[in-house]
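Quick caveat, the model's predicted, so the values are computed rather than measured. Labels below follow one simple rule: chain letters A, B, ... track the order of the sequence lines, proteins then strands, and each chain is numbered from 1.
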Amino acid sequence: MKIASFNINGIKARLPALLDWLSEAQPDVAVLQEIKSVDEAFPREPIEDLGYIVETHGQKSFNGVAILSKLPLEDIQRGLPGDETDEQARWIEATVVGKQAIRICGLYLPNGNPVPGPKYDYKLAWMDRQIAHAKNMLRQDMPFLMAGDYNIIPQPEDCANPAAWADDALYRLESRTKFRELCALGLTDAFRARNAAPEQYTFWDYQAGAYNRNDGIRIDHFLLSPQAADLLTDCQVDAHVRGREKPSDHVPIWVELDI
DNA sequence: ATGGTAGCTCGGCTA
């Protein structure tokens, strides 16, 4: 089973690029971030025409996540548990039913800039909720994964120029420590587990020719539960997509699971 | 220190 994650930075602007990539990459499941659309305005039909079930959790203008699946979905949940007052659409999860069931969480973790400030506080509190939710899921038997735009640069080798990010919310020690807490629960960073090649990134700023200089950062991640990690056979980044017409500033990352 | 680009929406926020 091939499962992908792609921050598309706006479905209205990215539909042609998304359809092109889906057609060639043929993921069984894809989680999307930053759809920047309400559910009613999301262009379901052209995606359904490629054979996908479409489930969205959108909001006006900002954020918004979705799951696309060629396999049946069950028990779809919208929103990260732990704060009923949180209105930002950053989490969706569902059970994908193949030969073996797996729970797939799609997430758009808060950016957190500027630091310090309320946005950074929200990011760290959101990560505490994610950690609590991961603990709960680890008590269940079903394999699961949490995939998406984490807005976290885990290590210095995950960016071209660490000095440029030193005081950024994506790289600050508190952010990276929370990510490490998640991993320490027993979750596996699929890219680090299966892909040793250096200088591979998932995001390049639109400004200053960042992609042409490979001045990127690795912030889109797959964290796998122990049962899911046992099924992991590959993890790759579709970096070439960034060089196309009207690209997102992120590129797809995907895993192959032996189920 | 600023501005450089992009999306959504039509001024200003978010990234």
Side-chain angles (χ1 to χ4, degrees), chain A residues 5-21 31-44 46-47 56-66 80 86-91 106-127 130 147-154 158-172 174-176 178-179 201-221 237-253:
Chain A
S5 172
F6 191 6
N7 180 325
I8 57 174
N9 190 20
I11 187 59
K12 295 176 185 71
R14 210 68 59 219
L15 184 60
L18 174 64
L19 295 175
D20 285 348
W21 169 74
V31 292
L32 307 179
Q33 302 87 39
E34 286 205 89
I35 64 174
K36 295 186 174 180
S37 167
V38 294
D39 296 333
E40 310 81 68
F42 192 88
R44 319 170 56 87
I47 297 170
T56 59
H57 179 39
Q59 70 179 81
K60 184 180 165 70
S61 302
F62 305 120
N63 308 320
V65 290
L80 177 63
D86 186 358
E87 295 184 343
Q88 299 190 30
R90 297 178 174 276
W91 189 275
L107 66 102
Y108 177 46
L109 206 149
N111 176 291
N113 282 304
V115 179
K119 291 185 178 178
Y120 193 51
D121 296 340
Y122 174 68
K123 176 180 195 151
L124 297 177
W126 198 96
M127 294 189 78
Q130 184 182 0
D149 177 359
Y150 277 71
N151 270 314
I152 299 278
I153 302 165
D158 295 315
C159 60
N161 183 9
W165 296 93
D167 293 319
D168 194 281
L170 278 61
Y171 191 70
R172 283 286 300 255
E174 297 95 336
S175 304
R176 290 192 285 132
K178 298 270 186 223
F179 184 83
Y201 309 119
T202 64
F203 169 96
W204 299 261
D205 200 290
Y206 285 120
Q207 302 174 75
Y211 178 64
N212 291 328
R213 296 183 290 112
N214 199 25
D215 181 8
I217 54 180
R218 190 175 75 90
I219 56 174
D220 298 86
H221 307 298
V237 176
D238 287 341
H240 63 282
V241 171
R242 186 64 175 77
R244 292 182 173 170
E245 200 75 16
K246 260 184 92 66
S248 170
D249 40 8
H250 295 250
V251 295
I253 176 174

Report task. Using a heavy-atom cut-off of under 4.0 Å over every strand shown, decide if A:R242 touches base, sugar-phosphate, or nothing. Result -> nothing
Report task. Measure the spacing between NZ of A:K36 and NZ of A:K60 and express it to the nearest 0.5 Å. Result -> 13.5 Å
Query - Interatomic spacing from CG in A:N151 to OH in A:Y108 - rounded to 0.5 Å - result: 5.5 Å
Query raised in the report: Quick one: is B:dT14 close enough that its OP1 or OP2 comes under 4.0 Å of any side-chain N or O from A:K119?
Result: yes
Query raised in the report: What integer number of Å spans the P atoms of B:dG12 and B:dA1?
Result: 25 Å
Query raised in the report: For A:R14 and B:dT5, what is the distance between atoms CZ and C1' respectively, to the nearest whole Å?
Result: 12 Å
Report task. Using the P atom as the reference point in each nucleotide, state the distance between B:dC10 and B:dT14 in Å, no decimals. Result -> 15 Å
Query raised in the report: Is there a residue in residues 159-171 of chain A whose heavy atoms reach under 4.0 Å of DNA chain B, and which residues are they?
Result: none
Query raised in the report: Looking at residues at least two apart in the chain, or sitting in another chain, which of them share a salt bridge (Lys or Arg N to Asp or Glu O under 4.0 Å) with A:D149?
Result: none
Query raised in the report: Which is true for A:Y108 with a 4.0 Å heavy-atom rule: it touches a base, it touches only sugar-phosphate, or it touches nothing?
Result: sugar-phosphate
Query raised in the report: Who pairs with A:R90 by salt bridge (Lys or Arg N to Asp or Glu O under 4.0 Å), at least two apart in sequence or on another chain?
Result: none
Query raised in the report: Nearest nucleotide by nearest heavy atom, which residue falls closer to the 5' end of DNA chain B, A:I11 or A:N113?
Result: A:I11
**Report entry** Whichever of A:S61 and A:Q207 has its nearest DNA chain B nucleotide further upstream toward 5'
**Finding:** A:Q207
Query raised in the report: Hey, is the side chain of A:K246 poking within less than 4.0 Å of OP1 or OP2 on B:dG7, counting only N and O atoms?
Result: yes
**Report entry** d(CH2, A:W204; P, B:dA6) in whole Å
**Finding:** 16 Å
Query - Distance, nearest 0.5 Å, that separates CZ of A:R218 from CZ of A:F203 - result: 15.0 Å
Requested in this report: Check every strand shown and say whether A:A208 touches a base, only sugar-phosphate, or nothing at a heavy-atom separation below 4.0 Å.
Outcome: nothing
Report summary line: Rounded to whole Å, CD1 of A:I153 lies from C1' of B:dA15 at a distance of 13 Å
**Report entry** A:Q88 CD to A:W126 CH2 distance, which is reported to the nearest 0.5 Å
**Finding:** 10.0 Å
Query raised in the report: Once you round it to whole Å, what is the distance between C1' of B:dG7 and NZ of A:K36?
Result: 4 Å
Query - Nucleotide B:dT14, atom P - distance to NE2 of A:H250 in whole Å - result: 16 Å
Requested in this report: Provide, to the nearest angstrom, the distance between the CG atom belonging to A:L15 and the P atom belonging to B:dC8.
Outcome: 11 Å
Query raised in the report: Hey, does the side chain of A:E34 reach the backbone of A:N9 with a donor-acceptor pair shorter than 3.5 angstrom?
Result: no
Requested in this report: Measure the distance from OH on A:Y120 to P on B:dT14 and round it to the nearest whole Å.
Outcome: 18 Å
Report summary line: When rounded to whole Å, the OH to C1' distance for the pair A:Y211 and B:dA6 reads 18 Å
